[in-house]
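What follows is a short report on a single structure.
Position 1 is the first residue of the sequence; numbering continues from there. Here the structure is a predicted model, which means the values were calculated and not measured.
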Amino acid sequence: MRAEREVFADLAVLCCQPGYVHAVAHICFRDNVILHADDMKETDIRKMFSSSRLIRTEINTLLGLMIKANIDWMLPSPRTVQEYIDATEQLLEELHQCLSGEFWSGLTKEAVESGFNPFECGEVLREPIFYSGEAAYNFQYLDLAVRKYAADAQWLQANRGFNIGHASRVAKAVEEVHADHFSAIRERMIKQHPDESTMLTLFAFTADEIAVKTNLATEIVRRVLVAFELSSIERNEGFNALHDFNVITAMPLLRMPGGEFLSLQAYSLAEAIYESPHHWMYQDEEYRPTLSKNRGDFTENFVAERLGLVFGNKCVHLNVDVFKTKSTKVSDVDVLVVWGNRAIIVQAKSKRLTLESRKGNDQVIRNDFKKAVQAAYDQGAACAKCLLDKGYRLVASDEREILLTEGIEEIYIFCVVSDHYPALSFQARQFLKTESIDLVQAPLVMDVFALDAMTEMLQSPLQFLSYVNRRANYAEQLMASQELTILGYHLKKNLWVQPDVNLMLLSDDFSAELDIAILVRRAGVQGAATPDGVLTRSKKTTIGRLVKEIEARPDPATIDLGFLLLAMSEQAVTEMSRAVDRLAAWTRADGKVHDATFGFKEGTGITFHCTDEPAKVASPRLKSYCKLRKYREKATKWFGLCMTSTGPDVRFGVSLAFPWTQDEKMDEKTKDMREAVPIDQALQVLMKGRNRVKKIGRNDPCPCGSGRKYKKCCLN
């Protein structure tokens, strides 16, 4: 294997060849443009997950090397363009092998046996940092940039002559103009000789075209474009290794010989609009304190707004102070969510991965992570302990005291960063140091873009918390390049990992249907706004309706039941729903009581009790049975639901949660109870029992398992 610097040098020579810009334009069209007719489907974007596709960081590397010399705009022959492309892909693949090869450096048998972890080495982390998946959709960058810099509008207007709202509209218009160009270019290319064909004109545009699309003054449009335009004399002299600063990331627009602007990657322009203004303002020393405050306010306010979309604004509290005594403040929570007996603590940071970290400096990587994530977790863990201690007071920003009327059963800690932090989930696995705290789940580390997508797709409190619960509990068993992959897998398959699975690696294409749904909801693309999966398949079933009822009245007991039901597979939901529907049909037909009991391996279970009897009769009977059944199954939790014969709808419920202990009297009472029904056999067992009903004598033990005689229990 050649040295990385040799490969990089050869790539630099290639990128400065005459007409190379046409090869890059072809690559950008091939790997970044999605063509589809009518509704966008998963097959339309499948190519975006191909291992042969060049990603944005690779293309930016080509552009950064190309501008090291005067760009030669001449159009090479199709054969030469193809040779450029083939050589480019070969060198980039070799470069990838160089970075991947660092993993094996020092990985000997003796090192492994002594506990050596190659992923703790900065040189090894360069590979996941460079090749990590995209943190955000381009429209997220543009929409959130408007929010991020809203408080800085006065500075931007005074120093740049536009605000970020203008810049966002310009960037969106650039994509629209590109789309408009496509049909005309396609028709022209059909008529052209192949030697005259190029994709370069697809990505070109003028300020006047953008002004028409945005309805902005041409001068404002021009100021925006010039702010992100690379100077024709810029030679990117500091870009001499893969992880050096590449000026093309901050100024991605080029100017063509005819005066047109050129945007080869719309994503890069959107990212620059989100990140570059911060660097402009940071140069103003007097403005730095204001800039820092505005960044923090943006992150906290945005997180609170998105969580309010899920839980309602009454359950979301911003800037909560924690007091030990009446006046002694010990900590604070950026955003606190209290829903039933669950709480979410969010600690947000505006720290970024520095350039030195990207170069593989071990100590700097750890320092950056400590400032961006570890500090957030440590503060969140300290606040979680306070929430569980009645000796502390929680005071919201409006001076109101937050009273936790119900005992908190679970606390989730979110560590949220406001910028793209490459390989964030991967670094969290390696570097985050956590402590074991009763009732506090493993922390979730994410950026604002991932939280935005989660709250967009999971706008039901139970659905959101159910996903968060499993995402936290499977933290050590799951690995993916980004959070969106795991979210996409959950929406499609219902996140579940078997206990005997040590590690499940998810490929990026699991986010395909999520990508389409977000594009439909946010970018106006035609297609399915919800992936076919957990959000669509069970909502019309009886169990799906039951989950909706639980959300409407989030009592602590019913929240646990909601988690139990949401964790079931699609098949289990269908079978259980059909069984409950059958019970209701029998009760409607004969007016009698009918039951079905289901046990789960996790030490929980549920009994459905279908009757139209008065609650004063049905309630004690259901509670008695659930106590016996819980004991029989040696369960720690058991739920009982009394259902009407119509609907069927929930009348009332029973929740029993306490440790199992052996009792001789209970042993005697439950010795004749039948086994709980496996869900996948529920309907079959019910029908079998219905068809072979054994006559029960008045003095026989009641089949419900209460231990009483039939005449004194269910007969009447």
Side-chain angles (χ1 to χ4, degrees), residues 57 120 122 125-126 128-130 132-136 140-141 144-145 147-149 151-152 243 245 249-250 271-285 287-304 306 318-319 331-335 345-383 413-434 443-452 482-483:
T57 50
E120 292 183 352
L125 288 174
R126 290 171 64 234
I129 287 173
F130 185 80
S132 64
E134 305 295 359
Q140 277 185 310
Y141 272 136
L144 269 65
R147 297 281 304 275
K148 181 179 180 180
Y149 298 111
D152 305 306
H243 290 84
F245 173 67
T249 60
E271 186 177 39
I273 289 173
Y274 186 83
E275 295 187 349
S276 291
H278 179 274
H279 299 289
W280 303 342
M281 289 178 277
Y282 190 79
Q283 304 307 313
D284 184 343
E285 292 188 16
Y287 194 73
R288 283 182 191 175
T290 303
L291 176 65
S292 178
K293 179 182 182 302
N294 290 345
R295 289 299 72 72
D297 290 347
F298 153 71
T299 310
E300 295 168 8
N301 290 330
F302 180 76
V303 169
R306 295 306 298 178
L318 187 63
N319 296 322
S331 191
D332 61 271
V333 181
D334 291 338
V335 181
I345 292 173
V346 182
Q347 300 294 2
K349 298 295 180 183
S350 300
K351 305 295 183 182
R352 306 178 72 245
L353 189 67
T354 61
L355 190 60
E356 281 301 311
S357 288
R358 295 170 190 258
K359 291 180 179 181
N361 186 314
D362 289 21
Q363 190 56 50
V364 177
I365 288 175
R366 285 172 171 77
N367 288 342
D368 285 351
F369 185 84
K370 184 177 181 180
K371 295 174 183 176
V373 180
Q374 188 67 57
Y377 169 76
D378 292 342
Q379 187 177 357
C383 291
I413 299 175
F414 288 6
C415 304
V416 181
V417 295
S418 62
D419 294 293
H420 174 36
Y421 200 100
L424 178 60
S425 60
F426 188 82
Q427 291 189 56
R429 289 179 64 89
Q430 305 305 318
F431 301 130
L432 185 59
K433 297 177 181 179
T434 62
L444 271 69
V445 181
M446 68 190 81
D447 52 40
V448 290
F449 311 110
L451 182 65
D452 184 31
Q482 55 173 321
E483 280 298 317

What's the separation between atom [atom1] in [X] and atom [atom2] in [Y], rounded to the nearest 0.5 Å?
| X | Y | atom1 | atom2 | answer |
| --- | --- | --- | --- | --- |
| Gln427 | Ser357 | CD | OG | 7.5 Å |
| Thr299 | Arg147 | OG1 | CZ | 10.5 Å |
| Leu432 | Ser425 | CG | OG | 12.0 Å |
| Leu355 | Asp368 | CG | CG | 10.5 Å |
| Leu125 | Ser132 | CG | OG | 11.5 Å |
| Gln379 | Ile413 | CD | CD1 | 10.5 Å |

Any side-chain heavy-atom pair from [X] and [Y] closer than 4.5 angstrom?
| X | Y | value |
| --- | --- | --- |
| Phe302 | Leu451 | no |
| Tyr149 | Phe298 | no |
| Phe431 | Gln374 | no |
| Pro277 | Asp152 | no |
| Arg358 | Leu353 | yes |

Quick one: closest heavy-atom pair of [X] and [Y], and the distance?
| X | Y | value |
| --- | --- | --- |
| Leu318 | Ala304 | CD1-CB, 3.9 Å |
| Asp332 | Cys383 | O-SG, 3.5 Å |
| Tyr421 | Lys351 | CD1-O, 4.1 Å |
| Leu144 | Tyr274 | CB-CE1, 3.8 Å |
| Pro128 | Ala423 | O-CB, 3.7 Å |
| Glu134 | Gln482 | O-OE1, 2.8 Å |

Note to self: Counting neighbours of CD on Glu285 that are heavy atoms of other residues, nucleotides or ligands and sit closer than 6.0 Å, is the number greater than 12?
What the structure shows: no

Notebook entry, point to check: Got a sec: does the NZ of Lys371 have more than 12 other heavy atoms crowding it under 6.0 Å?
Noted result: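 For Lys371, atom NZ is not crowded (no more than 12 foreign heavy atoms under 6.0 Å).
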
Next item on the list: Just say parallel, tilted or perpendicular for the rings of Tyr141 and Phe449, cut-offs at 30° and 60°.
Entry: perpendicular

Note to self: Regarding His278 and Arg295, do their side chains bring together a donor and an acceptor under 3.5 Å, going by distance alone?
What the structure shows: no

Checklist line | Distance under 6.0 Å and angle within 45° of ring axis: Arg288 vs Tyr282 | finding: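 Yes, Arg288 and Tyr282 form such a contact.
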
Next item on the list: Just do the side-chain contact (heavy atoms from CB on, under 4.5 Å) check on Val373 and Leu424 with the steps written out, would you?
Entry: CA-CA 9 Å; Val373 180; Leu424 178 60; 3.9 Å; yes

Note to self: Determine whether a donor-acceptor pair (N or O, by modelled atom type, separation under 3.5 Å) exists between the side chain of Asn361 and the backbone of Glu356.
What the structure shows: no

Note to self: If the threshold is 4.0 Å, N to carboxylate O, is there a salt bridge linking Asp419 and Lys148?
What the structure shows: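 Between Lys148 and Asp419 there is a salt bridge, with a charged N closer than 4.0 Å to a carboxylate O.
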
Margin query: Just to verify, which of Asp334, Val333, Val346, Val416 counts as forming a side chain to side chain contact (heavy atoms under 4.5 Å, CB included) with Glu300?
Written below: Asp334

